[in-house]
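Report on the following structure.
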Amino acid sequence: MFSKMKKVYGLLEDDLSKDIFLNRVLYNITGKGIYIQNITATYFDRMKREFCEYTEEVKKLREKIRHRRVVLYGIGHCGFVTLALFSSEMKDIELAAFCDQKADKVTKFCGYAVIDIKELAKSYQDAVVLVTPVDKKVKDEIIANLLMEGVQREQIIEKVTFDDAALRKQYFDEVMVLEEDEVFVDAGCCNCATDIDFRKRCPEYKEIIAFEPDPVQYANCMKIVQEQNIRDIQIYNMGLWDKEEELSFQMDESRGRVCEEGNVKIQVNTLDHIVQGKRVSFIKMDIEGAELRALKGCEYSIVQHRPKLAISIYHKPEDIVEILYYIHEIVPNYKFYIRHHAYGASETVLYAIPK
């Protein structure tokens with residue numbers, strides 16, 4: 001394994017990729033959170049730089065909160081991203097604290113105090129509350145809870161909606177250059193969010209071939225395709241694997257996965273069998289630990305067409321080494337980059353770009 005690690009490290013194209021790789025490996029070995037903190041710090045810095053693109057949106061938000069101290073509601077990913085916004089474009093605004101329902105378990109978040117709603121209503125009556133989650137249902141529930149506990153409606157501000165497609169670069173990092181006639185394979189399409197992002201970034205694409213094994217999510221995807229009028233998309237109610245068979249699958253909203261104790265049976269197949277030699281130009285995979293098996297089922301397509309690859313490498317400790325090593329073994333002339341796209345241990349992505 002050490003020789004593989006050394007080989008993979010040497011194949012990475014830039015210092016950021018190497019830094020993320022080393023910290024990820026150390027985290028996988030030791031389990032110590034400091035190494036994930038090192039990785040998320042790089043993501044935080046990138047987010048700060050990217051917010052300079054949103055001058056008008058930032059201006060609108062500033063008008064709502066200027067001359068007031070601010071409490072951010074939400075200590076998860078959305079809160080982390082909003083903190084990057086304040087650290088970059090609103091350094092003059094007083095950020096007083098975070099508020100969250102987990103305040104009884106988490107007292108600090110990124111150096112700021114975490115308070116509960118009761119404390120917010122009692123001691124922060126002069127502050128505005130910026131609700132950071134973007135999901136409407138979640139946001140509405142938070143606002144209802146704030147009002148019920150005595151927070152005044154005029155205190156509550158829903159975060160100005162930034163262009164999610166521009167901010168969420170998880171599979172479309174700047175190292176990826178899209179072409180007009182892309183044939184995009186979306187393995188693990190979940191709720192078609194990635195396909196909608198892809199359409200915005202590559203409006204002249206040729207085709208989308210998507211896979212979603214969860215029957216409930218698949219039905220939801222078909223509905224979204226109609227509602228969003230996504231053109232030239234074929235969604236298969238199956239998973240990608242290295243052979244055709246039936247597997248046990250645990251349904252779990254956006255994190256369904258293949259496992260022996262699964263609660264449903266799903267069909268899986270290889271991409272090579274599905275496309276039958278047809279050109280694919282961009283493969284994205286986020287399939288909860290099945291990535292390496294699925295890549296082996298794409299071997300002909302990868303060797304023959306050398307598509308761009310965006311592959312999640314955080315689900316299993318060995319993936320950060322084994323996935324890159326496998327791709328290099330079958331096609332030696334790829335350039336490799338690693339980027340991280342979340343607060344916490346998830347959403348580390350490998351990009352393989354054909355030379």
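The figures here come from the full heavy-atom set of this structure, side chains too, leaving out hydrogens, waters and symmetry mates. Residues: numbered from 1 along the sequence shown. Quick caveat: nothing in here was measured; it's all calculated off a predicted structure.
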Can you give me the closest heavy-atom contact between Ile224 and Cys192, atom names plus distance? CG2-CB, 4.0 Å

Is there a donor-acceptor contact under 3.5 Å linking the side chains of Arg339 and Thr42? no

Quick one: ring-ring contact (aromatic ring centres under 6.0 Å, His included) pairs with a partner in residues 207-234, sequence neighbours left out? Phe211-Tyr236

Is any side-chain heavy atom of Ile65 less than 4.5 Å from a side-chain heavy atom of Phe86? yes

Taken in chain and number order and not counting sequence neighbours, the residues that satisfy side-chain contact (heavy atoms from CB on, under 4.5 Å) with Cys110 are Phe80, Leu83, Tyr343

More than 12 non-hydrogen atoms from neighbouring residues, nucleotides or ligands closer than 6.0 Å to NZ on Lys355, yes or no? yes

Glu212 side chain to Gln217 side chain, donor-acceptor N/O pair below 3.5 angstrom: no

For Glu291 and Ile287, work out which heavy atoms get closest and say how close. OE2-N, 2.8 Å

Is it true that, when you exclude Asp104 itself, more than 12 heavy atoms of the residues, nucleotides or ligands shown sit nearer than 6.0 Å to its CG? yes

Considering all heavy atoms of both residues, which atom of Cys99 and which atom of Leu120 are nearest to each other, and what is their separation? SG-CD2, 4.0 Å

Check whether the side chains of Thr348 and Arg24 place a donor and an acceptor atom closer than 3.5 Å, and report yes or no. yes

So with a 6.0 Å cut-off around CD of Gln101, is the heavy-atom count from everything else above 12? no

Name all residues meeting the side chain to side chain donor-acceptor pair (under 3.5 Å) criterion together with Glu182; count only those two or more places apart in sequence or in a different chain, and write none if there are none. Ser281, Lys308

Atom NZ in Lys122, atom CD1 in Ile115: separation rounded to 0.5 Å? 11.5 Å

When you check the side-chain N and O atoms of Gln234 and Glu207, is any donor under 3.5 Å from an acceptor? no

Distance, nearest 0.5 Å, that separates CD of Glu244 from CG of Asn269: 4.0 Å

Is there a donor-acceptor contact under 3.5 Å linking the side chains of Tyr171 and Asp286? yes

Where do Lys284 and Thr194 come nearest, in terms of heavy atoms and distance? NZ-OG1, 4.0 Å

